[in-house]
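Reading through the structure tokens given below for one structure.
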Amino acid sequence: MAEGDTILRARRRLAEALVGQSIAVAAPDPRGRAAGIERLDGRTLEAVDSRGKHLLFDFGDLVLHSHLGMSGGWQVYERDARWRRPRSAAWAVLSGERADAVQFGGPTLRVLRASRVAIDPQLARLGPDILAPDLDLAEVVARFRGAERSRALGDALLDQHLTAGIGNIFKSEACFAARLDPRRRLADLSDDDLRAVLGAAREQMLAAVEEGNRHRLRVYKRRGPCARCGGTVSHGGQGDANRTTWWCERCQV
Ligand SMILES: [Zn+2]
């Protein structure tokens, strides 16, 4: 599953391979053709931007918007390298001078006018990116303070309108690091609690961007006792989408 750290890494890889080049665009799978991505063929890719879990490819007055959801992915290959999946399954193939970027699956792939990005319903309401270099954590805490007070912490952390980029893994890990029970209501948490859990999410995700792995996971999908205190690790669904959260019954209160 692509959370903000995965997307930021993809953005860097894609930008390094393709920015500043004239891009040949192909859509082998009908989903890419339906998205109209062939309109981008021959244009220069000016930049690749990420906002939480969203990727935006800047082609001047047109923008390619990608959201990978649970199942999608971008892969970057040197020219003539063997792809891990068949070309016919690719929704988008962006070919630069020496590399091909290939996209498979996911809920969103579309082309929109650059002038629409600021008012687009999917993009305009996103909260601050938890990985933004200039993130103002106090602003994010204030957004949580303004949210429905009966919401559970674990559910609110996934709300991309409060802050963008956190997914199921780092929701659980950040609550564990801050020793907070993800089932607690926002009304029962102090500003310090919120700062601690949001700061932990940011720190863990930035580390994952640099390290490119998640081997330091301590509670997510943990089988067996808590690595910190030996207590029981539980899991359960939260929020309207019933997304699974993992926590320790003893050391998260
Ligand atoms: Zn514990």
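Ligands are counted one by one from 1 in listed order, and the atoms in each one are counted from 1 as well.
Among Gln122, His65, Arg51, the one residue that satisfies the side chain to side chain contact (heavy atoms under 4.5 Å, CB included) test with Val117 is Arg51.
In this structure the side chain of Trp247 never reaches within 4.5 angstrom of the side chain of Cys175, judged on heavy atoms. Side chains of Leu131 and Leu206 form a contact here, defined as non-hydrogen atoms less than 4.5 Å apart.
Using a 30° and 60° split on the angle between ring planes, Trp83 and Phe104 fall in the perpendicular class, above 60°. Between His235 and Trp246, the angle of the ring planes stays under 30°, which puts this pair in the parallel group of the 30/60° scheme.
Residue-environment remark: CZ (Arg79) exceeds the threshold of 12 foreign heavy atoms within 6.0 Å.
Of all protein atoms, those of element N, O or S that lie under 2.8 Å from the Zn ion (ligand 1) number 4.
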